[in-house]
Amino acid sequence: MNLTRGTVVFILRKILEVILTVLIVTVISFVLVQLSPVDAAEAYLQRNQTPITAETLEKTRCEMGLNEPLHVQYVNWLSKAVTGDFGRSFVNNKDVLQTEMSAFAFTIKIILLAGIFEAVLIILVGSLCYVCRNRISGHIISALCFAMISIPPFFLASEYLDIIVVKMGVGSVVGNAGIMRYLPAALSFVPGTAAFFAPLLATNITYQMSLDSADYARYRGLSEKRILFRYAMPAALISIIPSFFQMLALNLAGAIVIEQVFSIPGLGYLIMSGVTDRDPPVIHATILLLAICLSLFNISADVIRRIISHNTDLSMVHT
Amino acid sequence: MKLSKKIISIAIPIIILISLSFGFIFKPNDPHKTHILEKYAAASETYPLGTDALGRCELSRLLEGGKATIGIVVLGAAIVLVLGTALGLLFARTNGRSGVLSDSFLNAITAIPPVAYLIIMIGIWGNSIPTMITALTVSLILRIIKLVMTLAEEEYRKAYARCAFASGASHFRILTVHILPVILPEIVQYLCLSCSDMILAISGFSFIGLNLGTNVIDWGYMLSEARTNFDMRPELLFFPILLIFISSLCFNILGRLIKRGKAKC
C-alpha cells in the first residue's frame, strides 16, 4: 500500500493521540497523588520506624523530591521517564522499570490468552447463533448470552477457586507453574466477552448473507455453507475486530481485579501495593504503562477500522 | 396496544431497580447489629433470609447494600447525563469547521476506558462513597461529552436543523428544542449500558477489599464476606451475586429497549 497524504496525516494524528493520552493520564496520576490524604514521606518514615518530626519529614521530602512544586516534580519525572529511568521504589529500593516489566509480562499473558479463547468461542457461538437464528434454540442461546454479560468475571474467578480448586481438589490455588498459572485468570474473562460478541457476529453474518454479493454467489451455484465460510464469515469477523480490540483494553483494566483474586503479581497487584504502601514511583510508572497499553489497543482498533473502510471496495469485487 | 407493551417492558426493569435501591426503607432489622448467638441462623420470621457470620440480618444487609451500589451508580449517571449533555452541546462545533487539535485531545482522553479511570482514581485515593461518585462522574463524563458532540454535529447538518435555522430559530433553540430530543435516547442508552458495567466494577472493587468505607454495606463486600465463610452457609454467597446480576441485567435490558425504541421511530 503506497502512503497517501491522508494516511501520513492519519498516522501522525494517531501517534500524537497516544502521546497526548499518556501525558494527560500521567498528569492526572500526579495530581491525584498530590491530593491524596496520605503523605508519601510520612508513610515512608512510618515504614522505617523513624520518629516523625518536622525535621525528619523535611529531610525525607527533600530526598524524595517531594518538596518541589508539583509541575517541577512532574517535569523531572517525565524527563527521566523518557530515558527509561523511573527511579527506585520507596519500599524495597528496587528499580521500578524492572518491577514493572515483570508485572507487565504476567498481565499481558493473561490478556492475550483470554483474547485467543474469546476469539475461538466468539466464532463458535456466533455461528451457532446464526445457524439457529430462527429456532427456539437460537432465541435461548441469545438470551443466555445476554444474561452472561451481567455476570461479573471476578465472581467466576472466585467460584473457580472455591468450588473447583478447594472443594473438588482439582488444580491448586497458588504454586501453579507454566500456563496453568494464567489460564484460570484468563478464562474468567472469556464467557462475558464471548457472550457480548457472539450475537453481534451472528447479526453481522445475517447481514452479509442478505447482501447482493451473497445472492450473486448463490446464482453462481455455490453452496450456502461455502458462501458462509468463504465470504460472509470473514467479512463479519473483520467488522467486529475494532470493537474486539477495545474489549481487550477493557479486559486489561478488568485484569486488575482478577489478579487480586488469583494473587498474580501483575500490574493490578503493583498498583494496589503501590497505593497501600504510598509508593509514588511505582504508582506513576504503573499508570504510565497502563495508559500506553490501553491507548495502543484503542489506536489499533482505529487503524484496523481505517484499513477496513479503505478495502471495502476491494472486498466487494473479490466476493 | 403496542405502545403499552413497550411501556410495560421498560417499566419492569425500572421498578426492579427502584425497589432495589429504595428497599432499605423496609428493612426488617438493623443491618449493622450483630447477634453472636444467632449466627448462620436459618430463615425465620425475624430474619426472613437468615443471618450471616456475625448474626446480622441478611435481608436488611442486602437492602442496605442496594442503596449504596445502585445509589452511587444512578447518582453518578444522573450527574453525567445533565452535565455531560450540557457541555457536549456547548462544545459542539456547528459552524462546519473541524478542529483537528480538539478532536485529537478528546480522542486522547477517551482512549482510556472509563473503568480504567475509575481504577486509577480509586487506586490512588482509596475507596469511599464520595470518591466513587466523583470517579464515576469524571470517568464517564468525557465519553458522554464526546458522544453528544458527535451526535449533535451530525444532526446539525441534517435538513430539519437547517430548516429551523432558515425559519429564524436561534442556535440555542435548535440545539435544545430540536436536536436534544433526537439524540437523547442514544445518550441514555449509553449511560444505561455504562451503569451495568459500573455495578460490576464497583462490586469488583469491594470484593477485592477496596470497600466503600468501614460502615458502608455493599454487595461486593457482602460477597467477599460470604466467601470467607463459604462452608457454613453457601447460600449467603448466592443472594448478593443474584442482586448484582439482576441490577446489571436490568440496566442492560433498559439499554437495549431504548435502542430498539429509537429504531422503530
Side-chain angles (χ1 to χ4, degrees), chain A residues 9 13-14 16-25 28-29 32-33 35-38 146-147 149-155 158-159 161-163 166-167 192 246-247 249-250 252-254 256-261 268 271-272 274-276 280 283 286-287 290-291 294-299 302, chain B residues 100-101 103-126 128 131 135 138 142 193 196-197 199-210 219-220 223-224 226-228 230-231 234 237 240-241 244-253 256:
Chain A
V9 171
R13 265 189 69 173
K14 288 297 145 189
L16 175 78
E17 275 174 28
V18 175
I19 296 171
L20 256 178
T21 310
V22 171
L23 283 179
I24 292 167
V25 175
I28 292 175
S29 107
L32 288 180
V33 169
L35 293 176
S36 152
V38 185
F146 190 61
I149 302 171
S150 304
I151 296 180
F154 69 84
F155 179 69
S158 68
E159 283 318 274
L161 285 180
D162 290 345
I163 295 177
V166 177
K167 284 239 155 152
Q246 283 174 330
M247 201 60 166
L250 271 180
L252 179 63
I256 286 166
V257 172
I258 297 295
E259 281 168 7
Q260 297 284 319
V261 176
I271 204 164
M272 291 300 160
V275 167
T276 36
I283 299 178
T286 316
I287 287 175
L290 267 180
L294 290 171
S295 55
L296 282 182
F297 273 128
N298 213 39
I299 298 259
D302 283 349
Chain B
V100 176
L101 205 67
D103 264 2
S104 298
F105 188 71
L106 260 182
N107 279 344
I109 297 177
T110 48
I112 309 273
V115 176
Y117 279 112
L118 210 64
I119 288 171
I120 293 172
M121 292 187 75
I122 298 302
I124 295 177
W125 275 356
S128 71
T131 319
V138 172
L142 301 165
L193 297 179
S196 163
D197 287 344
I199 285 181
L200 299 188
I202 293 177
S203 312
F205 288 134
S206 305
F207 184 73
I208 60 169
L210 283 171
W219 294 331
L223 211 54
S224 70
R227 205 186 149 210
T228 49
F230 182 62
D231 292 327
L237 203 62
I241 191 65
I244 293 175
F245 172 71
I246 289 177
S247 45
S248 167
L249 189 66
C250 282
F251 277 118
N252 267 329
I253 292 174
R256 183 168 281 204

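The figures that follow rest on heavy atoms only: side chains count, while hydrogens, waters and symmetry mates do not. Lettering of chains follows the sequences in order, A, B, ..., and the numbering in each one begins at 1.
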Heavy-atom proximity to chain A below 4.5 Å, by part of B/Ile253: both

Donor-acceptor contact below 3.5 Å, side chain A/Glu259 vs main chain A/Gly268: yes

Contact origin within A/Ile258 toward chain B - heavy atom pairs under 4.5 Å: neither

Under 4.5 Å from any heavy atom of chain B - which part of A/Val22: neither

N/O donor-acceptor pair under 3.5 Å between B/Ser248 side chain and B/Phe245 backbone: no

Chain B contact via A/Ile283 - which portion, at a heavy-atom distance below 4.5 Å: side chain

Reported CD1-to-CG distance for the pair B/Ile202 and B/Asp197, which is rounded to 0.5 angstrom: 11.0 Å

Distance, nearest 0.5 Å, that separates CG of B/Leu118 from OG1 of B/Thr131: 10.5 Å

Interface moiety of B/Phe207 toward chain A, non-hydrogen atoms closer than 4.5 Å: side chain

Inter-residue atom distance A/Leu252.CG - A/Phe297.CZ, 0.5 Å rounding: 6.0 Å

Partners meeting side chain to side chain donor-acceptor pair (under 3.5 Å) with A/Gln246 (sequence neighbours left out): A/Asn298

Between A/Ser295, A/Ala147, A/Pro153, A/Pro280, the one whose heavy-atom pairs under 4.5 Å with chain B are most numerous: A/Ala147

Chain B contact via A/Ile151 - which portion, at a heavy-atom distance below 4.5 Å: both

Nearest-0.5 Å distance, CZ of residue B/Phe251 to CD1 of residue A/Ile149: 15.5 Å

Side chain / backbone / both / neither for B/Ile241 at chain A, heavy atoms under 4.5 Å: side chain

Proximal component of A/Phe146, with respect to chain B [non-hydrogen, under 4.5 Å]: both

Chi angles and distances behind the side-chain contact (heavy atoms from CB on, under 4.5 Å) call for A/Phe155, B/Ser203: CA-CA 10 Å; A/Phe155 179 69; B/Ser203 312; over 6 Å; no

Pairs of heavy atoms under 4.5 Å with chain A: top-ranked of B/Leu237, B/Ile244, B/Ile208: B/Ile208

Per-residue contact mode, B/Ser224 against chain A (heavy atom under 4.5 angstrom): neither

Chain B interface, residue from A/Val25, A/Ile299, A/Leu294, A/Thr286 that has the most non-hydrogen pairs under 4.5 Å: A/Leu294

